[in-house]
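In this chain, numbering begins with 1 at the start of the sequence shown.
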Amino acid sequence: MIIVGAGLGGLALAHGLRGQGVDVAVYERDAHPDARPQGYRIQLDEPGLTGLRRCLPAPLFRLCLATAGAPPARVSVRNRRLEVLADRAAGGGSPETAGGSGAAGGSGGPGGAAGPYAFNRPTLRQIMLSGLTGHVHYGARLVDYRHEADGRVTARFADGRSATGDLLVGADGVHSAVRRLLLPGARVEDAGLRLVYGRIPLDARSRAGLPDWVFESIFTVITGGPGHPHLGVGPVELGARPEHAGLAQRPPAALSPVGDYLACMVGAPADHPAMPAFEELRELTPAALRDLALRVLGEDWHEDVHRLLARWDTHSLFPLRISTATPVPAWESGPVTLIGDAIHAMSPVLAMGANTAVRDAGELTRALGGAGDAPDPAGPLVAAVRAYEGRMREYAFAIVADSRRTGQRRVGQRERPRPLPR
């Protein structure tokens with residue numbers, strides 16, 4: 001099997017297929033695992049945790065949970081004066097709960113699996129990569145694929161490499177090359193939101209100087225209302241220190257050290273008067289991004305907000321453009337399919353992007369594990385892919401729609417998104 005993209009969904013799928021004895025090769029266009037910033041905090045609860053458990057070997061799954069944090073399972077929405085607009089259990093299922101999970105959840109903790117959990121994304125990815133040594137190939141940009149006479153698929157990469165397998169899975173994100181080839185009419189749109197994303201380091205001294213409300217929820221959105229800037233804050237206080245947990249390899253390998261932190265982001269509509277075009281935003285230095293975020297936010301916010309931003313680690317800052325997919329009608333299933341943002345990119349306001357990508361991996365793993373259970377004229381593999389795609393379209397695009405509605409209501413996401421530049 002060939003997987004294009006070494007993000008969380010692609011790596012989870014690789015583990016799931018290997019657990020079924022399938023030979024897997026993952027091709028990633030980045031030159032190495034740390035080639036570009038990919039964010040900090042990731043929130044997983046159900047159904048993402050079920051997908052992760054289904055795919056990962058048990059020791060890696062336990063290590064993921066052990067090195068995660070389990071903040072209070074609540075999501076809060078406040079106005080710029082910090083008055084509470086909504087405060088619900090994380091995963092309450094209501095799109096009103098910006099930052100929630102959209103699935104049933106509850107209080108969890110390392111060693112359990114109820115969730116929700118706050119993961120440090122680089123640590124989670126490092127754990128998932130650790131079990132795939134020799135199976136992940138870097139610097140591989142997909143340019144084309146072709147169907148072979150025997151039903152298999154050959155992927156061709158820009159550097160001349162090629163790979164042939166029974167199934168090609170696009171797990172290559174918002175700008176998916178596999179999607180463009182498989183579904184050229186599928187659209188991913190600019191949601192009209194820009195984020196400056198970074199961290200506030202936490203230790204005993206700095207934590208004591210921060211307001212209690214930032215630690216009372218797994219995520220807090222402070223909104224200026226539709227069409228206005230907003231702030232998002234989520235604590236990441238890890239269980240076992242990653243550098244002390246180690247990986248079950250011989251000799252033991254250490255995970256990269258990381259301290260506790262608050263994920264902290266300032267967002268604003270793309271058409272805010274102070275917001276430059278995204279191409280210009282990407283060229284700003286971290287210090288310039290900080291200045292821009294403070295200018296966009298303005299002075300008329302609660303003093304706690306200004307105290308938080310004064311503690312931002314400037315060097316951690318980078319910009320993000322938020323994208324959202326449009327629903328895709330059913331297509332003819334075959335030996336090429338898609339998971340995660342490659343097919344259903346969504347606004348992050350419901351914290352369901354990573355959850356849904358990992359769920360996809362688990363659903364596809366389960367479908368392929370049952371291939372051959374029922375006769376199908378297209379063959380067992382295509383039948384399994386068709387079953388996965390049918391389920392995925394049903395659950396994933398409902399979440400995309402919920403994310404879009406909540407983003408419009410809470411943080412100024414465009415009602416009529418524009419096509420995403422290629």
Side-chain angles (χ1 to χ4, degrees), residues 1-44 47-68 117 119-142 155 163 165 167-174 176-178 242 245 247-249 253 255-256 337-345 353-366 368-369 388 392:
M1 303 283 185
I2 303 165
I3 299 170
V4 178
L8 299 181
L11 296 177
L13 178 62
H15 279 289
L17 295 179
R18 288 197 69 216
Q20 295 179 357
V22 176
D23 186 22
V24 174
V26 181
Y27 291 87
E28 167 58 49
R29 67 178 297 163
D30 287 347
H32 55 82
D34 304 315
R36 58 189 169 88
Q38 297 190 23
Y40 304 112
R41 173 191 175 276
I42 285 288
Q43 178 181 324
L44 290 183
L49 289 171
T50 295
L52 199 65
R53 187 192 303 108
R54 180 173 285 149
C55 292
L56 294 190
L60 289 187
F61 179 71
R62 289 194 295 268
L63 183 57
C64 289
L65 296 189
T67 54
Y117 290 86
F119 295 85
N120 180 52
R121 181 173 185 147
T123 300
L124 182 60
R125 192 162 182 247
Q126 191 175 4
I127 293 170
M128 295 172 77
L129 281 166
S130 71
L132 296 173
T133 303
H135 295 271
V136 182
H137 311 279
Y138 293 96
R141 180 174 63 85
L142 183 78
L167 179 66
L168 171 64
V169 180
D172 47 343
V174 171
S176 171
V178 180
L247 294 163
Q249 296 179 349
L255 293 169
S256 300
T337 193
L338 299 158
I339 68 171
D341 283 352
I343 181 62
H344 49 64
N355 269 293
T356 311
V358 178
R359 177 180 182 176
D360 290 349
E363 293 284 357
L364 184 53
T365 294
R366 182 174 67 171
L368 292 171
Y388 153 73
M392 178 270 293

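Heavy atoms only, all atoms of each residue included: R18 and L132 are closest at CD-CD2, 3.7 Å. Of all heavy-atom pairs spanning S130 and L60, the tightest one is OG-CD2, 3.8 Å. Closest approach of D172 to A177, counting heavy atoms only: OD2-N, 2.9 Å. Smallest separation of non-hydrogen atoms from A14 and V26: CB-CG2, 3.8 Å. In terms of heavy-atom proximity, L52 sits nearest to V358 at N-CG1, 3.4 Å. When all heavy atoms of S176 and L338 are compared, the closest pair comes out as OG-CD2, 4.0 Å.
Atom SG of C64 is separated from atom CD1 of I42 by 12.0 Å, given to the nearest 0.5 angstrom. Here NE2 of H135 is found 11.5 Å from CG of L17. Values are rounded to the nearest 0.5 Å. Note that OG1 of T67 is 6.5 Å distant from CG of L255, once rounded to the nearest 0.5 Å. The OG1 atom of T337 sits 7.0 Å away from the CG atom of L167 when rounded to the nearest 0.5 Å. In this structure, CG in L13 is found 12.0 Å from CD in E363, a value given to the nearest 0.5 Å. To the nearest 0.5 Å, atom CE of residue M392 and atom CG of residue L364 are 9.0 Å apart.
F61 places none of its side-chain heavy atoms less than 4.5 Å from the side chain of C55. Using a 4.5 Å heavy-atom threshold, the side chains of R125 and L11 count as touching. Residues L65 and L49 are in side-chain contact: their nearest non-hydrogen atoms beyond the backbone lie under 4.5 Å apart.
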Give the intermediate values and the outcome of side chain to side chain contact (heavy atoms under 4.5 Å, CB included) for residues D30 and R36.
CA-CA 8 Å; D30 287 347; R36 58 189 169 88; 2.8 Å; yes
Does the pair L368 and Y388 meet the rule for a side chain to side chain contact (heavy atoms under 4.5 Å, CB included), with working shown?
CA-CA 9 Å; L368 292 171; Y388 153 73; over 6 Å; no
Tell me, with the steps shown, if Y27 and L142 meet side chain to side chain contact (heavy atoms under 4.5 Å, CB included).
CA-CA 8 Å; Y27 291 87; L142 183 78; over 6 Å; no
Please assess I343 against I339 for the test side chain to side chain contact (heavy atoms under 4.5 Å, CB included), listing each intermediate value before the final yes or no.
CA-CA 6 Å; I343 181 62; I339 68 171; 5.7 Å; no
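No side-chain donor-acceptor contact under 3.5 Å links H137 to the backbone of A25.
Sparse packing is recorded around CZ of R141, with 12 or fewer heavy atoms of other residues, nucleotides or ligands lying under 6.0 Å away.
Applying the salt bridge (charged side-chain N to carboxylate O under 4.0 Å, His left out) definition to pairs two or more places apart or across chains, none involves residues 19-29.
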